[in-house]
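All of these numbers come straight from a predicted model, not from anything done at the bench.
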Amino acid sequence: MKKLTSIWMMALLLISVWAVPLESYASTGDQGINEKLGLPIVVYGEALSEAQKSEVADLLKVDQHEQVDEFSVNGRDLNAYIGGNPNSNMYSSVKILHKDSGEGLSIEIVTPDNITQVTKEMYTNALLTAGVENAEVLVASSVKVSGHSALTGIYKAYDAKGVKLDESRMKVASDELDIATDIAEEQGIDKDKVSELLTEIKKAIAEQDPATKEEVEQIVQEQLQTLNIELSEEDRQRLTDLFDQMRNLNINFDQVKNQLDDLTGSIQDIINDDGFWNNLRNAVQSFFQSLKSFISSLFN
């Protein structure tokens, strides 16, 4: 009986040793206060009940930080930042961790089942349009929502910390998100495909630097053909108008392109990296072989 107990204790110990590095890798943990980058920022939707707010705080792992700056966002903010309905109920909540210059923008939707229309790629595109960069952004909601209001929470977070984003860029970013979700919903096009379309149009604008609306329209049409996407004349015009507005704003499309390349490239690199998957498979096999050999040795 003692031998059997020892076997199980040692097996659990080995599993714990194996699991700890994985957990450490998956979670940022409590890293204390970063005096250079400032405190993490959490913005809660004002319509959340206290119970829902507590649930969202858990989802965003607020307690892993020693201190955070907390704010709430409501319909009046929605109206102020992007001209939305001031009577709207706001549920989407966000946590923002500032990163060093050059580290780029990363988005994680913590509750994907409750953010029904907006994908992380759509958020990334819209936030880059608005001028948000070098940050890790987590989005969560305890109830099912479209996800549009999360942008307002992010804008308010920056505003509250004294970082003024360009109002015109914020408005165009909101329009971009509306058009992206409308096309996906109304045309029945996969949301990831729509995100890819927006990304490729921005990359083409960075490369070609169109000087006229007609040239923007040509880029939109070329990317639709390349991705084999068919849209109504109305939606093609909406895309052309949107990107023509972007062309006239103070947007560094080369910088946007680099961040979009980093976003799509890093994911694709892992998917295509046979060495990564081989190393992972070998590590798992090695662990269980070691466990098997250890248990066998206890009976010999």
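- Atom OH of Tyr155 is separated from atom CG of Leu127 by 6.0 Å, given to the nearest 0.5 angstrom.
- Taking each heavy atom of Arg247 and Pro210 in turn, the nearest pair found is CD-O, 3.0 Å.
- Smallest separation of non-hydrogen atoms from Met170 and Tyr81: CE-CD2, 4.1 Å.
- Using a cutoff of 4.0 Å between basic side-chain nitrogens and carboxylate oxygens, Glu50 and Lys53 are not scored as salt-bridged.
- In this structure, a donor-acceptor pair under 3.5 Å is present between the side chains of His65 and Lys95.
- Other residues, nucleotides and ligands place no more than 12 heavy atoms under 6.0 Å from the CD atom of Glu234.
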Side chain to side chain contact (heavy atoms under 4.5 Å, CB included), that's the test. Do Leu39 and Val68 meet it? Break it down for me. CA-CA 5 Å; Leu39 296 176; Val68 297; 5.7 Å; no

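- To the nearest 0.5 Å, atoms CD (Glu176) and CZ (Phe243) are separated by 5.5 Å.
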How far apart are the C-alpha atoms of Lys144 and Asp113, what are their side-chain angles, what is the distance that settles it, and do they pass the salt bridge (charged side-chain N to carboxylate O under 4.0 Å, His left out) test? CA-CA 7 Å; Lys144 286 188 178 297; Asp113 290 341; 6.0 Å; no

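- One distance of note links CD of Glu46 with CG of Leu78; it measures 12.0 Å at 0.5 Å rounding.
- Distance check, rounded to the nearest 0.5 Å: NZ of Lys61 to CG of Asp63 gives 9.5 Å.
- The residue from Ser93, Ser141, Ser92 that alone fulfils the side-chain hydrogen bond (donor to acceptor under 3.5 Å, both in side chains) condition with Ser149 is Ser92.
- Side-chain contact between Thr181 and Val118 is present, with heavy atoms from C-beta onward closer than 4.5 Å.
- Side-chain contact between Val194 and Thr119: absent, with no pair of heavy atoms (C-beta onward) separated by less than 4.5 Å.
- The nearest pair of heavy atoms linking Ile115 to Gly147 is CG2-CA, 3.9 Å.
- Within the 4.5 Å cutoff, the side chain of Glu186 has no heavy atoms near those of the Ser232 side chain.
- Within the 4.5 Å cutoff, the side chain of Lys164 has heavy atoms near those of the Asp159 side chain.
- When all heavy atoms are compared, the tightest approach of Leu227 to Leu197 is CD1-CA, 3.5 Å.
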Side chain to side chain contact (heavy atoms under 4.5 Å, CB included) between Val56 and Tyr44, intermediate numbers included: CA-CA 8 Å; Val56 167; Tyr44 297 101; 4.1 Å; yes

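- At a threshold of 4.5 Å between non-hydrogen side-chain atoms, the residues His98 and Ile41 count as touching.
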Between Ile201 and Val220, is a side chain to side chain contact (heavy atoms under 4.5 Å, CB included) present by the stated rule, with each step listed? CA-CA 6 Å; Ile201 291 174; Val220 170; 4.1 Å; yes

Step by step, would you call Leu239 with Leu198 a side chain to side chain contact (heavy atoms under 4.5 Å, CB included)? CA-CA 9 Å; Leu239 282 175; Leu198 298 178; 4.0 Å; yes

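- With rounding to the nearest 0.5 Å, the separation of CD in Glu230 from CD in Gln187 is 10.0 Å.
- Contact check for Ile229 versus Leu224: side-chain heavy atoms found under the 4.5 Å cut-off.
- Contact check for Arg238 versus Asp182: side-chain heavy atoms found under the 4.5 Å cut-off.
- Closest of all the heavy-atom pairs between Leu60 and Ala140 is CD2-CB, 3.8 Å.
- In the displayed structure, Asn85 atom CG is contacted under 6.0 Å by more than 12 heavy atoms of other residues, nucleotides or ligands.
- Annotation: Gln208, atom CD; neighbour count of heavy atoms from other residues, nucleotides and ligands within 6.0 Å is above 12.
- Applying the side-chain hydrogen bond (donor to acceptor under 3.5 Å, both in side chains) test between Thr129 and each of Gln245, Lys171, Arg169, Lys202 identifies Lys202 as the sole match.
- Side-chain atoms of Asn114 and Tyr91 include no donor-acceptor pair closer than 3.5 Å.
- The closest donor-acceptor contact from the side chain of Asn134 to the backbone of Lys99 lies at 3.5 Å or more, if one exists at all.
- The minimum heavy-atom distance linking Ala135 with Ile96 is given by the pair CB-CG2, 4.2 Å.
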Assess the residue pair Gln218 and Glu222 against the criterion (side-chain hydrogen bond (donor to acceptor under 3.5 Å, both in side chains)); give the C-alpha distance rounded to whole Å, side-chain angles, the decisive distance to 0.1 Å, and a yes or no. CA-CA 6 Å; Gln218 182 62 32; Glu222 287 173 354; 3.2 Å; yes

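- Remark: of the listed residues Glu121, Glu200, Lys120, Glu121 is the sole one forming a side-chain contact (heavy atoms from CB on, under 4.5 Å) with Ser195.
- Annotation: the span from Ile82 atom CD1 to Asp178 atom CG amounts to 7.0 Å, rounded to 0.5 Å.
- Without hydrogens or angle criteria, Asn248 side chain to Asp244 main chain gives a donor-acceptor distance under 3.5 Å.
- When side chains are defined from C-beta on, Met90 does not count as touching Lys156, because their heavy atoms never get closer than 4.5 Å.
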